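Working notes, beginning with the structure itself.
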Number of protein chains: 2
Amino acid sequence: MSSITSEPEKKILDAAKAVFEEFGYNGARMQKIADVAGISKASLHYYFRNKDNLFDRIFDETMSEFMLIVSTWTNVEEEWDVKLRNFIIEFYTFLKTNSLLFILREINRNPELLKRRKPKPKAGFLSYFENLKSAGVIRNINVPLIYVFMHSLCSYPLLNRSLFKRTTGLSDAEFETFMDEYPNHVADFLIEAIKKTNRK
Amino acid sequence: MSSITSEPEKKILDAAKAVFEEFGYNGARMQKIADVAGISKASLHYYFRNKDNLFDRIFDETMSEFMLIVSTWTNVEEEWDVKLRNFIIEFYTFLKTNSLLFILREINRNPELLKRRKPKPKAGFLSYFENLKSAGVIRNINVPLIYVFMHSLCSYPLLNRSLFKRTTGLSDAEFETFMDEYPNHVADFLIEAIKKTNRK
DNA sequence: ATATGGTTTGACCAAATGGTCAACAAAAAT
DNA sequence: ATTTTTGTTGACCATTTGGTCAAACCATAT
């Protein structure tokens with residue numbers, strides 16, 4: 001219903017997303033959004049009554065996109081370790097182009113943003129590995145812990161990129177390589193922690 | 001030199017820290033800082049010429065405190081795994097009471113904040129484990145990778161707390177316990193990844 | 001051509017906000 | 001006691017910013 005984003009409406013949403021993600025709610029300016037969208041501020045208000053209105057739309061969209069990636073688990077018939085590696089690489093790639101900081105920043109600013117969203121069903125990741133664990137296919141791990149580990153390992157280096165660049169002692173080139181290879185290292189690491197030891 | 005923070009000056013710095021950390025540079029209001037400090041806005045400007053001036057002072061202090069914790073490595077004579085566990089627990093405790101999000105948010109807003117700081121010497125963590133590795137005491141690990149892992153595992157759950165609370169499928173009580181035990185799990189995990197396998 | 005209905009915008013407005021200043025108060029120095 | 005310095009503040013100012021509105025614009029139907 002009425003999500004038929006018309007031509008100028010779409011331009012506005014793109015502009016608003018870019019501006020809100022870069023500057024945050026408090027730093028974003030309606031004039032700036034209008035400029036980026038290539039229209040007047042009055043036109044902007046014609047399509048979206050006010051700033052909160054527009055912001056909520058952007059935040060909800062970004063958040064939905066994020067939750068979709070997070071909670072979807074592949075149905076492909078493969079070994080769990082292959083699925084896990086692919087998921088990690090996809091998730092990492094997704095995070096690279098999407099402003100996770102935007103989400104964290106705004107939730108922190110206004111926790112209400114979360115409360116009004118309907119709670120999501122349990123992430124596919126969790127039940128999938130709970131099942132493998134019950135079936136004795138993998139080690140007797142703490143599944144939520146692995147879930148938190150995976151998220152942390154994928155997310156934080158992208159959030160903290162500029163600081164890690166300074167503190168790891170790597171050169172610019174080395175650091176770029178490091179960040180490119182990173183998701184595979186995360187996969188290696190988690191798979192190693194999950195799989196049954198081959199010691200008898 | 002002149003860091004003899006006088007009585008009202010200290011009240012202002014405390015207030016400013018609280019307000020900037022909660023609302024960010026763009027969301028913070030000079031009037032709010034004055035209110036929290038219990039003085040007039042004019043007095044606030046008497047002590048700190050302007051908002052940027054005051055902000056820089058707070059940011060630099062917070063950043064220095066953070067970098068100190070990050071780059072200091074214990075000199076206690078103990079086994080590396082004990083030292084690592086203690087470091088992780090201390091670091092996690094530190095992060096719980098300090099706004100890491102503040103640092104990330106403001107660096108993202110204005111990368112200049114980092115550029116003007118003098119680069120820190122390599123973190124003690126890195127050279128310590130490089131040495132152990134050369135000496136063959138631990139596995140042949142990628143040290144910067146472990147460094148990034150440790151930071152990510154300690155930091156992200158605190159940044160993303162409210163979302164994890166919703167997505168892990170744990171009850172409130174379970175989640176609290178989870179977060180309390182968390183640093184020890186991180187330590188277990190990293191130690192396992194670093195220590196030599198006892199397979200011959 | 002003209003009326004109709006949606007779209008666009010420059011000009012404005014009111015509130016918020018960072019910052020100033022003259023006047024006053026309180027110490028400190030003389 | 002009196003001058004001088006330091007601290008404090010209410011009132012004020014200029015700018016920014018979210019938001020409004022009447023007039024103009026433009027497509028389409030009549």
Side-chain angles (χ1 to χ4, degrees), chain A residues 1-62 102 105-106 108-110 112-113, chain B residues 1-62 102 105-106 108-110 112-113:
Chain A
M1 45 285 275
S2 96
S3 62
I4 326 104
T5 39
S6 64
E7 170 55 37
E9 202 167 334
K10 194 167 152 34
K11 276 198 306 184
I12 290 173
L13 288 172
D14 287 348
K17 178 162 186 168
V19 173
F20 278 128
E21 284 194 356
E22 176 168 1
F23 301 101
Y25 177 86
N26 283 316
R29 298 287 165 251
M30 292 301 268
Q31 185 61 62
K32 174 83 177 174
I33 294 173
D35 291 347
V36 173
I39 57 170
S40 71
K41 190 163 60 112
S43 265
L44 176 57
H45 277 88
Y46 174 77
Y47 283 98
F48 295 90
R49 217 175 301 283
N50 55 45
K51 188 178 179 180
D52 291 85
N53 195 302
L54 181 54
F55 174 82
D56 286 352
R57 178 81 172 262
I58 298 297
F59 180 83
D60 286 344
E61 251 169 42
T62 307
F102 168 68
R105 189 210 278 141
E106 303 307 334
N108 179 266
R109 178 180 64 85
N110 177 15
E112 293 296 317
L113 289 171
Chain B
M1 47 283 270
S2 95
S3 60
I4 327 102
T5 40
S6 63
E7 169 56 34
E9 203 166 336
K10 193 167 151 35
K11 275 197 306 182
I12 291 173
L13 288 171
D14 287 347
K17 178 162 186 168
V19 174
F20 278 129
E21 285 195 355
E22 177 168 1
F23 301 101
Y25 178 85
N26 283 315
R29 299 286 166 251
M30 293 299 270
Q31 185 61 61
K32 173 84 178 174
I33 294 173
D35 291 347
V36 174
I39 57 170
S40 71
K41 190 163 60 115
S43 265
L44 177 56
H45 277 89
Y46 173 77
Y47 284 98
F48 296 90
R49 215 174 304 282
N50 56 44
K51 189 177 178 179
D52 292 85
N53 196 302
L54 181 54
F55 175 82
D56 287 352
R57 178 79 171 263
I58 298 297
F59 181 83
D60 286 345
E61 253 169 42
T62 306
F102 169 68
R105 189 209 280 141
E106 303 307 334
N108 178 265
R109 180 180 62 87
N110 178 15
E112 293 295 317
L113 289 171

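Chain letters run A, B, ... following the sequence lines, proteins first and then strands; every chain starts at 1. Values in this document were obtained by computation on a predicted structure and should not be read as measured data.
At a threshold of 4.0 angstrom between heavy atoms, the contacts of A/Phe48 with the nucleic acid are absent. Nucleic acid contact for A/Ala28: sugar-phosphate only, since backbone atoms but no base atoms lie under 4.0 Å from a heavy atom of the residue.
Using a 30° and 60° split on the angle between ring planes, B/Tyr25 and B/Phe20 fall in the parallel class, below 30°.
Rounded to whole Å, the distance from NZ on A/Lys11 to P on C/dT8 is 8 Å. Going from atom CE of B/Met30 over to atom C1' of D/dT9 covers 15 Å, rounded to whole Å. Atom CD in A/Gln31 sits roughly 14 Å away from atom C1' in C/dC12 (whole-Å rounding). Atom CZ in B/Phe23 sits roughly 15 Å away from atom C1' in C/dT17 (whole-Å rounding). Distance A/Ile39 CD1 to D/dC25 C1': 16 Å, rounded to the nearest Å. Going from atom CG of A/Asn50 over to atom C1' of D/dT17 covers 14 Å, rounded to whole Å. Atom CD in A/Glu9 sits roughly 14 Å away from atom C1' in C/dG6 (whole-Å rounding). We find that CG of B/Asn26 is positioned 18 Å from P of C/dA16, with the value rounded to whole Å.
Put simply, the side chain of B/Lys51 gets close to the backbone of B/Ala28: a donor and an acceptor are under 3.5 Å apart. Remark: the backbone N or O of B/Tyr46 is not paired with any side-chain donor or acceptor of B/Arg49 at under 3.5 angstrom.
Counting only heavy atoms from C-beta on, B/Ala42 has its side chain closest to D/dT9 among C/dT8, D/dT9, D/dG19.
Checking the phosphate oxygens (OP1, OP2) of C/dT7, a side-chain nitrogen or oxygen of A/Tyr46 falls inside 4.0 Å. Residue B/Arg29 places at least one side-chain N or O closer than 4.0 Å to OP1 or OP2 of C/dG18. Residue A/Ser43 places at least one side-chain N or O closer than 4.0 Å to OP1 or OP2 of C/dT9.
Salt-bridge formation is not detected for the pair A/Lys11/A/Glu7: no Lys NZ or Arg NE/NH1/NH2 atom is positioned less than 4.0 Å from an Asp or Glu carboxylate oxygen.
At a cut-off of 3.5 angstrom, counting only N and O atoms as typed in the model, there is no donor on one side facing an acceptor on the other between the side-chain of B/Lys51 and the base of C/dG19.
Each of B/Pro8 and A/His45 was matched to the nucleotide of DNA chain D holding its nearest heavy atom; the match closer to the 5' end belongs to B/Pro8. Along DNA chain C, the nucleotide closest to A/Leu44 and the one closest to A/Lys41 are compared, and the more 5′ of them pairs with A/Leu44.
Counting heavy atoms from C-beta on, the side chains of A/Asn53 and A/Tyr47 never come closer than 4.5 Å.
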